[in-house]
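Taking it in order: structure first as structure tokens, then the write-up.
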Amino acid sequence: MYDFKIDAADKAEMYRDLALALKGLVASEPDGIANMANAAALIWETLPDLNWAGFYRNMGGELVLGPFQGRAACIRIPFGTGVCGAAAASRQVQRIDDVHAFPGHIACDAASASELVVPLIRDGELLGVLDLDSPSPARFSEEDEAGCVALGAILAKAI
Ligand code: SME
């Protein structure tokens, strides 16, 4: 078992520690699914106020559910549909304060209020997305976005 002690008091420091822990966790493992599974667990354990943390993989132009923590979720999401599909189609981070106001939002869990989705791109190829959901509106700040983009950069090399 890995026991990471990450102090959540200072957000910038927490994201630095989280990135270091993630780097260490994936460093010697070539299997992408294993790395996504451990990354989802680490993020879930570290970031407060989430109700879902995990991955959708790009499987031939469609997003397919990958390793995650939280409640069972929608399995397939077309590019361009919902928040994850928007991130995949645009290759842009989606930081949504109120998912209910997002056109086409897919409510896998009615408890979700805000969402952060980071596209994972390696050598110009979209591998998938990292998706975080929260039951609190506007849970994700610019600092969370920057921290999770840094995690995405590590993950894009490890999946
Ligand atoms: N709400 C997402 C679907 C994925 S779940 O949140 C796990 C969306 O609209 O893309």
Side-chain angles (χ1 to χ4, degrees), residues 4 6 8 11 14-15 18-19 21-22 25-26 31-122 124-159:
F4 294 106
I6 299 177
K11 214 179 235 194
M14 183 203 66
Y15 275 110
L18 182 52
L22 180 62
L25 204 47
V26 302
D31 188 274
I33 298 280
N35 286 337
M36 282 188 269
N38 259 344
L42 180 66
I43 291 168
W44 177 257
E45 191 179 29
T46 307
L47 297 187
D49 200 22
L50 300 181
N51 64 327
W52 204 88
F55 296 87
Y56 280 89
R57 296 177 296 148
N58 177 9
M59 304 292 280
E62 184 180 33
L63 292 174
V64 179
L65 184 64
F68 68 94
Q69 300 275 313
R71 300 187 73 184
C74 325
I75 298 169
R76 291 175 186 269
I77 300 177
F79 276 31
T81 300
V83 184
C84 290
S90 65
R91 296 183 169 210
Q92 302 291 318
V93 174
Q94 303 291 310
R95 182 161 59 88
I96 308 300
D97 287 345
D98 175 7
V99 293
H100 302 294
F102 190 90
H105 165 246
I106 304 164
C108 292
D109 181 348
S112 294
S114 60
E115 185 162 1
L116 178 65
V117 183
V118 177
L120 304 173
I121 298 165
R122 183 175 66 218
E125 187 193 348
L126 180 86
L127 304 173
V129 300
L130 168 65
D131 180 20
L132 306 180
D133 291 82
S134 170
S136 301
R139 152 71 179 82
F140 303 102
S141 64
E142 275 181 33
E143 208 174 5
D144 290 298
E145 178 175 336
C148 290
V149 165
L151 300 181
I154 297 165
L155 286 162
K157 292 185 212 139
I159 64 172

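Each ligand, and each atom within it, is numbered from 1 in the order the structure gives.
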Exercise. When the ring planes of His105 and His100 are compared, do they come out parallel, tilted or perpendicular, using 30° and 60° as the limits?
Worked result: perpendicular

For this session: Look only at the side chain of Asn58 and the backbone of Leu63, and say whether a donor-acceptor pair between them is shorter than 3.5 Å.
Result: no

Exercise. Okay, side chain of Arg139, backbone of Ala113: is any donor-acceptor separation there less than 3.5 Å?
Worked result: no

For this session: Indicate yes or no for a side-chain donor-acceptor contact from Arg91 to the backbone of Gly124 under 3.5 Å, with no hydrogens or angles considered.
Result: yes

Extract all N/O-N/O pairs under 3.5 Å that connect ligand 1 to the protein, and present each with both atom names and the distance rounded to 0.1 Å.
from, atom 1, to, atom 2, distance (Å)
ligand 1, 1 (N), His105, NE2, 3.3
ligand 1, 1 (N), Ile106, O, 2.7
ligand 1, 1 (N), Glu115, OE1, 3.3
ligand 1, 6 (O), Asp133, OD1, 3.2
ligand 1, 6 (O), Asp133, OD2, 3.1
ligand 1, 9 (O), Val83, N, 3.0
ligand 1, 9 (O), Ile106, N, 3.0
ligand 1, 10 (O), Val83, N, 3.1
ligand 1, 10 (O), Cys84, N, 2.7

Exercise. Do NZ/NE/NH1/NH2 and the carboxylate oxygens of Arg95 and Asp144 come within less than 4.0 Å?
Worked result: no

Problem set entry | Qualifying disulfide bond (SG atoms under 2.5 Å apart) pairs with a residue from residues 125-159, counting only residues at least two apart or across chains | none

